[in-house]
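Structure first, commentary second.
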Amino acid sequence: MTTTKEVPALALADITCRFAARDDASKAYTAVANATLNVARGEFVSVVGPTGCGKSTLLNVAAGLLEPSSGTVEVFGERLLATAGVNRRAGYMFQADALMPWRTGIDNVIAGLEFRGVPRTEAVAQGEGWLRRVGLAGFGDRYPHQMSGGMRKRLALAQTLILSPDILLMDEPFSALDVQTRQLMENELLALWAEDRKSVLFITHDLEEAIALSDRVVVLSAGPATRPIGEFRVDLPRPRDVSEIRMTPAFLDLHREIWAAMKEEVLKAYEQQKAI
Amino acid sequence: MRLRILQLLLLGLLIVAWYVMTAPGLIPPFYFDKANRAAFFFGEPQKVFWVIFDWFASGEIFPHLGITLLETALGFTIGAAAGLGIGLWLALSPTASAITDPYIKGFNSMPRVVLAPIFAVWFGLGIWSKVALGVTLVFFVVFFNVYQGVREVSPNLIANARMLGASQRQLLRSIYLPSAMSWVFASLHNAVGLAFVGAVVGEYLGSSMGVGYLILQAEGTFDINTVFAGILVLTACALVLDSLVGVVERRLMTWQPKAGQTEKV
Ligand SMILES: Nc1ncnc2c1ncn2[C@@H]1O[C@H](COP(=O)(O)OP(=O)(O)OP(=O)(O)O)[C@@H](O)[C@H]1O
Ligand SMILES: [Mg+2]
């Protein structure tokens, strides 16, 4: 084995994120504390955790959009400094809507190519291909506000994937979709991923989705001071079909095992949010 | 369509009311002590109409209207461009905006029409003193809207564009500008009116040309019908300019959702 092979695609080491409270600086909120998380090359890692625990925060750190209070981020062995710009090797699919409302579907998809100076005809040709792959062929001339929530999500997926990033950061990308479309998209994502084995950091609050898609599932504790409390290898055979794999005994065993670790944290998070 | 008819009907009604109240001897005077006093103060619609007709028939109005429109257009263009540029710059540069903040606030709360005599001294009685007044009026409206517009850009959009590889310039072009545009257009409707105010007030305070000058002259001879004619012509022009802004807006802002966009079958 060569040494470069062992350098993870993404290495978050000892990350702590403290947010200053708006009114009182002494009452800072520690969202993430001493979190360490690696994604190997070509690995599909899912992160699950109760709502508000700091999943999006962790992903923003990995993207270079948010500078951690302490800790380091390495991308293919290179230090990522928020002052030097964002993580250039990563594509990020945001939890909230981030499409440009003044651009049509196709213009949104090719935005990244445009920023890189790809000639328009070539970009549009690629864009049309991607619209077809996410099931939006013929919707390229619609504006985002003329699309459904699920269509917008798929548009955002095409927008991110068209750049073929080495690392894919996805923040609950499919949570707005109905069950059928969702499984279609999950299978599509797995197929795309199998083509060139990108490194994926996938956030979800749906444990079934996490197991069905990933090589490894990381469970986060409830906030504040969130950190990973458990890691589970998913050794289910690939290629997988997400709807079929959910029925297999191996899947159910894993689900039971991970859920046991999660349940306590979910309840804790719920109690905390009720108390506020 | 029905709406248009009702609107025209209301206009007709207003003119008839104007006529009935002012025509000497038509109804007995109820406020003034003489029959022709109402006409003296409020003019008479048919005479106002004839003044306007004569203006356009003889072509007398055109040089004046041309000057006023030129002043308006210049004041509007320069003021809007400066407001857009400086608004973008200050919104994107926190230090500069922090330093200039009290000055901007001060200039904005100053009643800027009082600058008109100073501009007359600086720029003379030609068109530039009027343009300068228009610029000061237009600038702040556009400036504050652009500033606000840029500040309100969704951080998500910026983060997404950055992840897609946008440079600072590309961010400006494809995120900040389009996002500020809806605010800019909202302000341009006001700005057109203000550019007009600048031109006419400037003319009013000292000039030898322009519709404001015509109104001033007529007032000097108590020719109230001509004053009203001037006001009506200015109003019509302002409406036309405003609708021009509306046309450009609809052209550029096709992406904006309109309420209830279903088609009737
Ligand atoms: N900019 C900020 N300022 C202050 N507090 C913040 C900020 N961003 C996030 N937080 C807090 O940090 C915690 C984690 O937020 P985060 O968005 O990472 O949660 P999450 O795990 O993604 O939740 P969800 O599953 O609901 O998306 C929350 O309690 C939130 O209130
Ligand atoms: Mg989140």
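Proteins get letters first, then strands, A, B, ... in listed order; numbering begins at 1 in each. Here the structure is a predicted model, which is why all the values come from computation and not from measurement.
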Exercise for review: Give me the contact list for residues 151-171 of chain A versus chain B, heavy atoms only, anything under 4.5 Å, ordered by residue number.
Suggested key: A/Gln159, A/Leu163

Study note, to complete from the structure: Among residues 112-132 of chain A, those lying within the under-4.5 Å heavy-atom range of chain B are A/Gly112, A/Glu114, A/Phe115, A/Arg116

Exercise for review: Any ring-ring contact (aromatic ring centres under 6.0 Å, His included) involving residues 170-205 of chain B? Give me the pairs, sequence neighbours left out, ordered by first then second residue.
Suggested key: none

Review point. Considering residues, nucleotides and ligands other than B/Phe123, do more than 12 of their heavy atoms fall under 6.0 Å from its CZ?
Key: yes

Exercise for review: Evaluate whether atom CZ of A/Arg18 has more than 12 neighbouring non-hydrogen atoms of other residues, nucleotides or ligands under 6.0 angstrom away.
Suggested key: no

Revision key, fill the gap. Turns out that what part of A/Tyr92 lies under 4.5 Å from chain B's heavy atoms comes down to both

Review point. Above 12 or not: heavy atoms from other molecules or residues under 6.0 Å from CZ of A/Arg197?
Key: yes

Revision key, fill the gap. Under 4.5 Å to a heavy atom of chain B? For A/Asp97 that would be backbone

Revision key, fill the gap. Against chain A, residues from residues 141-169 of chain B with at least one heavy atom under 4.5 Å, in numeric order, are B/Asn156, B/Leu157, B/Ala159, B/Asn160, B/Ala161, B/Arg162, B/Met163, B/Leu164, B/Gly165, B/Ala166

Check your understanding: Side chain, backbone, both or neither: which part of B/Ser179 has an atom under 4.5 Å from a heavy atom of chain A?
Key -> both

Practice item. Using atom types as modelled and distance alone, determine if a side-chain donor or acceptor of A/Trp102 lies under 3.5 Å from a backbone N or O of B/Ser174. Key: yes

